[in-house]
Amino acid sequence: MASAGKELSLSPGLLYRPGLLDRAAQENLVEQIRAIVERAPLYVPVMPGSGRPMSVRMTNCGPLGWVTDKERGYRYQPTHPVTREPWPPIPAVLLDLWREIAGYGKDPEACLVNFYADEAKMGLHQDRDETDFSAPVLSISLGNTCLFRIGGLLRTDRTRSLKLESGDVFILGGEGRLCFHGVDRIYPGTSTLLKAGGRINLTLRRVNP
DNA sequence: AAGTCACA
DNA sequence: CGGC
């Protein structure tokens, strides 16, 4: 891992661990993601109903993956929507990280891999497609810095913005598990980790109790 | 609204 | 905001 030091609780259940992963750990993760994307290619998810494409590209690893399409909407499923193959397994280093810091007895079932090109965004939303809200959502940032926005349990609650940098870990757990959050912008050229630019976000989730 | 946009 |  890396520095066990800094740990900021923004509000109950929201834990920010800036710089938790050192450069070597980040490079190792990028290599693992590269292998995952070879087997489970990135695809463009679309909004339920409208079919409007999102700006991020997406894939998953783990027994379950989060997917969305025009007809069936948001859900978890065991196979890639394009290749129909099972998702690749979650890398051991990610399972280790979860076991060390998630504070939850069971392993994650899903690791959503979101790739943000420098123009991509993610609207304010809640992660609420899981059946187990007692498990936290653990988020890892790799590559270019983003402007992350986090609010409360209501869409209209006041939000705060913070920059998430490569190697930062953010945990939504406890009272913060269902907080609205999103990505307002990517800052191009702020990291040398991904040679082609952009940002990768990994979110580890427990889906079922 | 896991969407976009305008405006202060 | 407004199309679903």
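So that the names make sense, note that chain A is the first sequence line, chain B the second, and so on, each numbered from 1. Please read all numbers here as calculations on a predicted model, not as lab measurements.
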Requested in this report: Evaluate side-chain contact (heavy atoms from CB on, under 4.5 Å) for L29(A) paired with I200(A), printing each intermediate quantity in order.
Outcome: CA-CA 10 Å; L29(A) 274 179; I200(A) 292 170; over 6 Å; no
Query raised in the report: Rounding to a whole Å, what distance do you find between K70(A):NZ and dG3(B):C1'?
Result: 13 Å
Report task. Return the nucleotide paired to dA6(B): Watson-Crick means purine N1 to pyrimidine N3 with N6-O4 or O6-N4, wobble means G-U with N1-O2 and O6-N3, both under 3.5 Å. Result -> none
Query raised in the report: Less than 4.0 Å between a side-chain N and a carboxylate O, is that true for R205(A) and D132(A)?
Result: no
Requested in this report: May I have the distance from R52(A) (atom CZ) to dC1(C) (atom C1'), rounded to whole angstrom?
Outcome: 12 Å
Query raised in the report: So does R155(A) get a side-chain nitrogen or oxygen closer than 4.0 Å to the phosphate oxygens (OP1/OP2) of dA2(B)?
Result: yes
Query raised in the report: In terms of hydrophobic clustering (I, L, V, M, F, W, Y; side-chain heavy atoms under 4.5 Å; direct or indirect links), are L164(A) and L142(A) co-clustered?
Result: no
Query raised in the report: Can you check the H125(A) NE2 to dG3(B) P distance for me, whole Å?
Result: 8 Å
Query raised in the report: Using Watson-Crick and G-U wobble pairs with both distances under 3.5 Å, what is the 5'-to-3' dot-bracket string of DNA chain C, with [ ] for crossing pairs and | for pairs outside the strand?
Result: |...
Query raised in the report: When the distance from CE of M122(A) to P of dT4(B) is rounded to whole Å, what number comes out?
Result: 10 Å
Query raised in the report: Given atom CE of M54(A) and atom P of dA2(B), what is their separation to the nearest angstrom?
Result: 7 Å
Report summary line: R149(A) CZ to dA2(B) P, in whole Å, measures 13 Å
Report task. Considering only NZ, NE, NH1 and NH2 on the basic side and carboxylate oxygens on the acidic side, decide whether R23(A) and E27(A) come within less than 4.0 Å. Result -> yes
Report summary line: Atom OH of Y43(A) and atom C1' of dA2(B) are separated, to the nearest Å, by 12 Å
Requested in this report: Using distance alone, with no hydrogens and no angle criterion, decide if T131(A) and N208(A) have a side-chain donor and acceptor under 3.5 Å apart.
Outcome: yes
Requested in this report: Could you check whether the rings of Y43(A) and H80(A) sit parallel, tilted or perpendicular, using 30° and 60° as the cut-offs?
Outcome: perpendicular
Query raised in the report: At under 4.0 Å between heavy atoms, what does N201(A) touch on the DNA or RNA strands: base, sugar-phosphate, or nothing?
Result: nothing
Report task. Classify the side-chain pair D129(A)/Y76(A) by whether it contains a donor and acceptor separated by less than 3.5 Å. Result -> no
Requested in this report: Measure the distance from NZ on K121(A) to C1' on dT4(B) and round it to the nearest whole Å.
Outcome: 10 Å
